[in-house]
Number of protein chains: 2
Amino acid sequence: MFSKSFGYAIRSILYLALMEEEKDKIQLDEISEELNVPRYFLAKVMNKLVKEGILDSVKGHNGGFSINEKTLSVKLISIMSLTGESSQFSKCVLQLGKCNASYPCPIHDRVELLRREWQALFKSLTIGDLLKKNENNFMKSLIAI
Amino acid sequence: MFSKSFGYAIRSILYLALMEEEKDKIQLDEISEELNVPRYFLAKVMNKLVKEGILDSVKGHNGGFSINEKTLSVKLISIMSLTGESSQFSKCVLQLGKCNASYPCPIHDRVELLRREWQALFKSLTIGDLLKKNENNFMKSLIAI
DNA sequence: TTATTAAAAGACATCCTTGTCTCTTAAGAT
DNA sequence: ATCTTAAGAGACAAGGATGTCTTTTAATAA
Ligand code: FES
Ligand code: FES
């Protein structure tokens, strides 16, 4: 349901957003060190985010990554779909192919309601929403142990 | 969140339960053919279920698998823990190690409520509960396409 | 006891996610 | 124009879940 990639993506985006006033561009090295995330793997995740238009990047001297006009309004479901995780919402929980309410598996009716709520949450929740709870230790809560 | 193993386990148990009146022991070959599930892989899943005491098995002539006194009261969370899936409920969604409400990650408060409900569902739902909706096409809804 | 049967156990192979490294490309500094 | 810098692209390895096959163990039939 939730991959490492998803966590890395969210945390990196929030890091960029929180650091925006300090520096407008931040390098991969800084992000991976500050968040304690594997450098080269993160590069690929970031690249996907840039290709999706969720972040901006500039190569070369004083280059790096930055948020853009779209970033804060990006919904979490969009980030989940980067790694194909959003498809969980349409897959049968028992892995019987595509979930089908008109031909429900034995567990379908029991999980459907909660799954819909879960899906609705990620369809509505945005990066900006996550930032609203910005307290003193917000940045620290992005960092892996 | 939901593995193939989980689906195979639930479907096999339900198959055994539905077939109980017809035959008291069912062989792996029949289950894998009827449910359209990989034979040898299913063997391992079934073995885990037997070791957990969720199913019974007998080797040799006229051997096979069968449900026991405990089977119908087994909670789905027990089956999830066979493949370590139940740990999802205690892991941080952003994969920041162990989820900790007193030191919440930026997404924690937004998902916690739903995650608790989800967990509560699987802690209460039993195999027997799944069988209550037994309609005409129940058996067919166990079979992969 | 011996043969047959079917689960249990163990060795691999495959696929996907994650992680690491090197080379290439492009942007700015000189 | 040339050098330096940092992202992008591609190759490759590690790990776990899944899938396949063979050998071993144990139960019943004969
Ligand atoms: S058909 Fe299985 S969860 Fe919907
Ligand atoms: S701390 Fe991240 S989900 Fe609870």
Side-chain angles (χ1 to χ4, degrees), chain A residues 1-9 11-12 16 23-33 35-66 68 80-85 87-88 91 94-96 144, chain B residues 1-9 11-12 16 23-33 35-66 68 79-88 91 94-96 144:
Chain A
M1 186 83 170
F2 293 105
S3 62
K4 295 266 185 160
S5 297
F6 176 74
Y8 295 160
R11 290 160 61 201
S12 298
L16 290 178
K23 340 184 188 178
D24 67 326
K25 296 218 180 311
I26 295 179
Q27 286 79 45
L28 190 61
D29 283 320
E30 176 177 334
I31 305 172
S32 79
E33 274 170 38
L35 301 186
N36 203 20
V37 154
R39 162 82 169 70
Y40 299 107
F41 187 70
L42 180 59
K44 291 177 193 169
V45 176
M46 297 299 279
N47 190 237
K48 279 186 186 172
L49 293 170
V50 170
K51 278 189 176 157
E52 286 281 317
I54 294 170
L55 291 177
D56 285 349
S57 73
V58 177
K59 282 184 177 181
H61 220 105
N62 292 325
F65 297 92
S66 58
N68 60 34
M80 293 177 83
S81 57
L82 281 180
T83 41
E85 285 169 301
S87 68
Q88 290 299 326
K91 264 194 219 157
L94 296 186
Q95 311 293 325
L96 285 162
Chain B
M1 185 85 170
F2 293 106
S3 62
K4 295 267 184 158
S5 297
F6 176 76
Y8 294 161
R11 291 160 61 200
S12 298
L16 290 177
K23 339 183 186 177
D24 67 327
K25 297 220 179 310
I26 296 178
Q27 286 77 44
L28 190 61
D29 283 323
E30 176 177 334
I31 304 172
S32 79
E33 274 170 37
L35 300 186
N36 203 19
V37 154
R39 162 82 169 71
Y40 299 107
F41 187 71
L42 180 60
K44 292 176 191 169
V45 176
M46 297 299 278
N47 190 237
K48 280 186 186 172
L49 293 170
V50 170
K51 279 188 177 156
E52 287 280 318
I54 294 169
L55 292 177
D56 285 348
S57 73
V58 176
K59 283 184 175 183
H61 218 104
N62 291 326
F65 296 91
S66 58
N68 60 33
I79 295 163
M80 293 177 83
S81 56
L82 281 179
T83 41
E85 284 167 302
S86 57
S87 68
Q88 290 300 326
K91 264 194 219 156
L94 295 186
Q95 311 293 324
L96 284 163

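Per chain, numbering begins at 1; letters A, B, ... match sequence-line order.
- B:Ile79 CD1 to B:Glu52 CD: the interatomic distance, rounded to the nearest 0.5 Å, is 9.5 Å.
- The phosphate of C:dT17 has neither OP1 nor OP2 within less than 4.0 Å of any side-chain N or O from A:Ser5.
- At whole-Å resolution of the value, NZ in A:Lys48 and C1' in D:dG10 are 15 Å apart.
- When the nucleotides D:dG19, D:dG8, D:dT18 are ranked by their closest atom to the side chain of B:Pro38, D:dG19 comes out on top.
- The shortest heavy-atom contact between A:Leu55 and A:Asn68 is C-ND2, 3.7 Å.
- For the OP1/OP2 pair of C:dA8 and a distance below 4.0 Å, the side-chain nitrogens and oxygens of B:Ser57 include at least one atom meeting the criterion.
- In this structure, CD of A:Gln27 is placed 13 Å from P of C:dG28, rounded to the nearest angstrom.
- Between A:Asn47 and D:dA7 there is no side-chain N or O to OP1 or OP2 distance below 4.0 Å.
- Look at A:Asn62 and you'll find a side-chain N or O under 4.0 angstrom from OP1 or OP2 of C:dA29.
- The closest side-chain heavy-atom distance from A:Met80 to A:Phe2 is below 4.5 Å.
- In this structure, B:Phe6 places its CZ atom 17 Å from C1' of D:dT18, rounding to the nearest Å.
- A:Met46 has its side chain within reach of A:Leu49: a pair of non-hydrogen atoms, C-beta onward, lies under 4.5 Å apart.
- Side-chain proximity of A:His61 to D:dA26, D:dT5, C:dG19: nearest is D:dT5.
- Atom pair A:Glu30:CD and D:dT5:P shows a separation of 17 Å (rounding to whole Å applied).
- A straight line from NZ of B:Lys25 to C1' of D:dA29 spans 17 Å, rounded to a whole angstrom.
- Computed from coordinates, the B:Asp29 CG to C:dA7 P distance equals 7 Å when rounded to whole Å.
- The side chain of A:Lys59 lies closest to C:dA26 when the candidates are D:dG19, C:dA26, C:dA8.
- Nearest nucleotide to the A:Phe41 side chain, out of D:dA7, C:dG19, C:dC21: C:dG19.
- Residue B:Lys51 is classed as a sugar-phosphate contact, given heavy-atom separations below 4.0 Å to backbone atoms only.
- The distance between atom CG of B:Leu16 and atom P of C:dA7, rounded to the nearest whole Å, is 11 Å.
- Side chain A:Lys44 to base C:dT20: a donor-acceptor pair is found below 3.5 Å.
- By the 4.5 Å heavy-atom criterion applied to side chains, A:Ser12 and A:Leu42 are counted as neighbours.
- In terms of position on DNA chain D, the residue among A:Gly64 and B:Ser3 whose nearest nucleotide sits closer to the 5' end is A:Gly64.
- An OP1 or OP2 oxygen of C:dT18 is reached within less than 4.0 angstrom by no side-chain nitrogen or oxygen of A:Tyr8.
- The CD-C1' distance, from B:Glu85 to D:dT18, rounds to 13 Å in whole Å.
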